[in-house]
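Just below is one structure, and these are the notes that go with it.
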There are 4 protein chains.
Amino acid sequence: MTEKQEKILQSALELFAKEGFHATSTSKVAKNACVSEGLIFRHFGNKEGLLSAILQLGENRIKALFVDIVMESDPKEVIRKAILMTSGIDKADYDFWKLQFKLKWELEVSSDKKMEPLKMALTNAFNKLGYEEPELEANLIILFIDGIGSAVLKGSELDSEEMMRFLIKKYNL
Amino acid sequence: MTEKQEKILQSALELFAKEGFHATSTSKVAKNACVSEGLIFRHFGNKEGLLSAILQLGENRIKALFVDIVMESDPKEVIRKAILMTSGIDKADYDFWKLQFKLKWELEVSSDKKMEPLKMALTNAFNKLGYEEPELEANLIILFIDGIGSAVLKGSELDSEEMMRFLIKKYNL
Amino acid sequence: MTEKQEKILQSALELFAKEGFHATSTSKVAKNACVSEGLIFRHFGNKEGLLSAILQLGENRIKALFVDIVMESDPKEVIRKAILMTSGIDKADYDFWKLQFKLKWELEVSSDKKMEPLKMALTNAFNKLGYEEPELEANLIILFIDGIGSAVLKGSELDSEEMMRFLIKKYNL
Amino acid sequence: MTEKQEKILQSALELFAKEGFHATSTSKVAKNACVSEGLIFRHFGNKEGLLSAILQLGENRIKALFVDIVMESDPKEVIRKAILMTSGIDKADYDFWKLQFKLKWELEVSSDKKMEPLKMALTNAFNKLGYEEPELEANLIILFIDGIGSAVLKGSELDSEEMMRFLIKKYNL
DNA sequence: CATGAATGAGTCTTCATTCAT
DNA sequence: GATGAATGAAGACTCATTCAT
């Protein structure tokens with residue numbers, strides 16, 4: 001991965017996140033990355049290839065976020081960590097996460113599969129804690145995480161930290 | 001509002017919802033509506049004008065959905081109706097709602113303001129029912145509603161009906 | 001067919017004939033026709049559509065050249081007219097004919113089918129005149145016509161008129 | 001001439017013949033030859049240089065084809081050999097010959113000069129045999145040879161072997 | 001009201017070519 | 001000799017928009 005390749009990736013991430021995939025032209029990306037437009041196509045084939053590269057780069061980051069939760073053995077801790085998940089994301093990574101959420105709508109990429117391991121871990125945790133409908137409880141937590149993430153990234157006025165604290169209290173964690 | 005105007009609006013709604021605002025060209029809209037491209041501009045000024053018209057048309061529909069909840073006096077019923085809100089939307093209106101969600105991300109339009117009356121009603125309801133932190137409870141419900149709606153419109157495998165039933169049970173409604 | 005459409009067709013014919021199809025850019029055609037580049041695509045769909053339109057326009061001209069030969073009843077006259085065919089083409093139509101020949105090579109369009117009616121007429125004529133191998137004689141004439149046309153359009157120094165006279169003498173026509 | 005140089009030449013010949021000069025990109029040639037694109041330019045300067053190299057390579061082959069005819073002393077044999085010229089070309093060399101014919105149209109390179117020695121030999125032969133207009137006879141033969149070659153390389157349904165036999169019979173050779 | 005011809009700026013992409021390594 | 005990263009100009013084609021009819 002050359003230096004310019006990374007610059008392209010970085011610029012594309014930033015612009016796709018800010019303006020959206022379709023609203024960002026490859027020429028804008030090139031200008032922003034201070035490279036020739038052609039270089040984008042030499043390295044990533046086409047505009048979608050560029051997007052894929054960004055998405056691929058991100059998959060790892062998502063897994064990294066999940067691993068700490070999925071590996072946890074204490075069920076209460078699993079749920080607590082899940083609820084607090086979004087508080088752990090770096091402000092510098094906002095563009096990346098914003099892009100993830102944006103693309104779910106712009107390109108209709110389902111996030112079900114990505115969330116599957118988290119859902120399993122949560123279902124399992126609620127099960128151990130004797131909840132009647134562990135799977136639905138898990139769904140609810142995921143809905144919460146997704147909602148909080150959405151709100152924060154869209155710049156909502158919702159106080160996410162307080163919401164997390166509140167939910168943790170609700171579940172006696 | 002002439003017949004052709006409505007056809008344009010309907011086509012634009014459908015296409016913006018399916019493909020996104022930026023990915024839909026005015027020519028596609030015109031073709032889909034079986035009118036000349038020029039007519040779009042005569043009626044709506046420009047592409048953004050067309051979008052505004054759709055959004056405006058939608059504002060009313062949102063208010064209509066809210067009014068039944070906000071006018072309700074029984075606090076339990078307020079919460080129940082809020083939770084069941086998304087179950088009341090017509091399948092024929094999917095495009096419309098999908099567009100609303102899509103645009104929140106594509107154009108970064110905050111939905112805080114739109115949700116304000118609902119939040120007030122819910123806060124008030126939780127307050128009446130003696131909940132300790134009624135505002136946070138209200139936020140949580142909204143988060144869930146938004147999440148469920150979101151999931152359904154994105155074609156997630158989440159069973160929305162069951163989630164609603166589950167929430168209603170959780171809140172003893 | 002609007003005035004500008006015709007101008008585009010005319011310019012394309014001229015440039016495709018002079019420089020070749022692939023070597024002629026749509027922007028060159030547009031500039032030469034004094035229209036916007038987009039107009040080409042509005043009217044002809046794409047570059048190949050433009051080519052097809054030109055070719056289609058030409059089919060008629062070819063038929064017109066053939067009809068006089070095919071309709072002739074005197075076998076000697078059929079052959080004579082076939083040999084003299086290329087002498088009847090207007091200098092103003094050079095571009096058109098050049099394009100036809102060029103495309104046979106550039107796009108590997110077989111001319112067999114187009115020549116079929118002529119071949120039938122010639123075969124028939126030679127047959128009536130009692131030639132032993134009328135079909136091969138017909139082929140030879142066609143080879144001659146094609147060769148003369150080629151030579152003239154490529155600007156060869158070959159004296160086509162004299163060649164025709166010579167062949168007519170050879171066949172005692 | 002290194003191994004890679006030959007591979008480039010071979011690939012270029014193949015592609016130029018198949019797709020045409022303008023429709024073949026240097027990158028396609030490089031890929032087909034399994035070399036870096038830069039190498040083409042190091043060896044041949046630019047795309048036209050590559051073409052020139054191929055053409056130069058071809059000149060020799062044409063001379064080789066002619067030499068056997070031009071050196072022949074028996075006039076009948078000269079004409080016979082000329083007519084049969086195209087039957088002597090190797091199927092493996094089709095690409096090469098196709099390119100020669102293609103370029104005559106794509107780059108408007110006159111073939112008059114190349115054919116000059118053949119024309120002289122034929123004129124001379126017809127003269128010796130007492131034909132009245134030996135130069136025109138020579139021209140006619142060349143027209144036929146060119147036409148037959150042309151037809152074969154374009155994949156016409158013309159039976160070239162039979163045409164040659166027919167011509168030989170016609171000229172009592 | 002409605003059409004469709006027309007445009008110019010912009011889209012993604014490919015091109016031939018250069019150059020540091 | 002050979003590579004492959006890099007470029008700028010040009011490629012075909014689409015866009016939102018205007019305007020005469």
Side-chain angles (χ1 to χ4, degrees), chain A residues 1-5 7-8 22-30 33-50, chain B residues 2-5 7-8 21-31 33-50, chain C residues 1-5 7-8 21-30 33-50, chain D residues 1-5 7-8 21-31 33-50:
Chain A
M1 178 85 71
T2 70
E3 191 196 342
K4 299 220 170 184
Q5 248 177 98
K7 260 172 119 182
I8 291 170
H22 282 111
T24 304
S25 68
T26 50
S27 97
K28 250 191 260 174
V29 174
C34 301
V35 299
S36 69
E37 207 177 344
L39 197 58
I40 293 175
F41 295 89
R42 159 168 257 284
H43 283 312
F44 302 100
N46 54 29
K47 204 186 168 187
E48 293 228 342
L50 176 56
Chain B
T2 73
E3 190 195 345
K4 299 220 172 185
Q5 254 178 89
K7 256 176 132 183
I8 291 170
F21 176 69
H22 281 109
T24 303
S25 66
T26 49
S27 102
K28 259 190 247 174
V29 174
K31 228 164 277 169
C34 300
V35 299
S36 70
E37 210 176 341
L39 197 58
I40 294 175
F41 294 89
R42 163 162 264 286
H43 282 313
F44 304 99
N46 56 22
K47 202 185 170 190
E48 296 229 340
L50 177 56
Chain C
M1 179 85 70
T2 71
E3 189 196 345
K4 300 219 171 190
Q5 247 178 100
K7 259 173 120 183
I8 291 170
F21 177 69
H22 281 112
T24 303
S25 68
T26 48
S27 98
K28 249 189 262 176
V29 174
C34 299
V35 299
S36 69
E37 205 178 344
L39 196 58
I40 294 175
F41 295 91
R42 160 169 255 285
H43 284 311
F44 303 100
N46 54 27
K47 204 187 167 187
E48 294 228 341
L50 176 56
Chain D
M1 178 88 68
T2 73
E3 190 194 345
K4 299 218 170 186
Q5 257 179 83
K7 259 175 126 181
I8 291 171
F21 176 70
H22 281 110
T24 303
S25 66
T26 49
S27 102
K28 259 191 244 171
V29 174
K31 229 164 272 167
C34 301
V35 299
S36 70
E37 210 176 341
L39 197 58
I40 293 175
F41 294 88
R42 163 162 264 286
H43 282 314
F44 303 98
N46 56 24
K47 203 187 170 189
E48 295 229 338
L50 177 56

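Numbers restart at 1 for each chain; the letters A, B, ... are given by sequence-line order, proteins then strands.
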Distance-only donor-acceptor hits, side chain of residues 39-47 of chain D, under 3.5 Å, sequence neighbours excluded:
residue	atom	partner	partner atom	Å
D/His43	ND1	D/Gln5	NE2	3.4
D/Asn46	OD1	D/Glu48	N	3.3
D/Asn46	OD1	D/Gly49	N	2.8
D/Lys47	NZ	D/Phe21	O	3.0
D/Lys47	NZ	D/Thr24	O	2.8

Give the rounded distance in Å between these two atoms: NZ of B/Lys7 and P of E/dC1. 17 Å

Does D/Ser27 have any side-chain contact (heavy atoms from CB on, under 4.5 Å) partners at least two apart in sequence or in another chain, and if so, which? D/Ser25, D/Lys31, D/Glu37

Quick check on DNA chain E: between B/Lys4 and C/Lys4, whose nearest nucleotide comes earlier from the 5' end? B/Lys4

From the set F/dA5, F/dG1, E/dG4, return the single nucleotide nearest to any side-chain atom of D/His43. F/dG1

More 5' along DNA chain F: D/Thr2 or A/Thr2, using each one's nearest nucleotide? D/Thr2

In B/S/- notation, 5' to 3', how is nucleotides 16-21 of chain E contacted by protein heavy atoms closer than 4.0 Å? BBB---

Side chain of C/Arg42, heavy atoms from C-beta onward: which of E/dC1, E/dA6, F/dA6 has the nearest atom to it? E/dA6

Can you name the side-chain contact (heavy atoms from CB on, under 4.5 Å) partners of A/Ala33, sequence neighbours left out? A/Lys7, A/Ile8, A/Ser11, A/Val35

The dot-bracket string of DNA chain F, counting Watson-Crick and G-U wobble pairs with both distances under 3.5 Å, using [ ] for crossing pairs and | for pairs to another strand, is .||||||||||||||||||||

DNA chain F: 5'-proximal contact among B/Lys28 and A/Glu3 (nearest heavy atom): A/Glu3

Euclidean distance, atom CD1 of residue B/Ile40 to atom P of E/dA2 [Å, nearest integer]: 13 Å

Would you kindly give the CZ-to-P distance between C/Phe44 and E/dA6, to the nearest whole Å? 10 Å

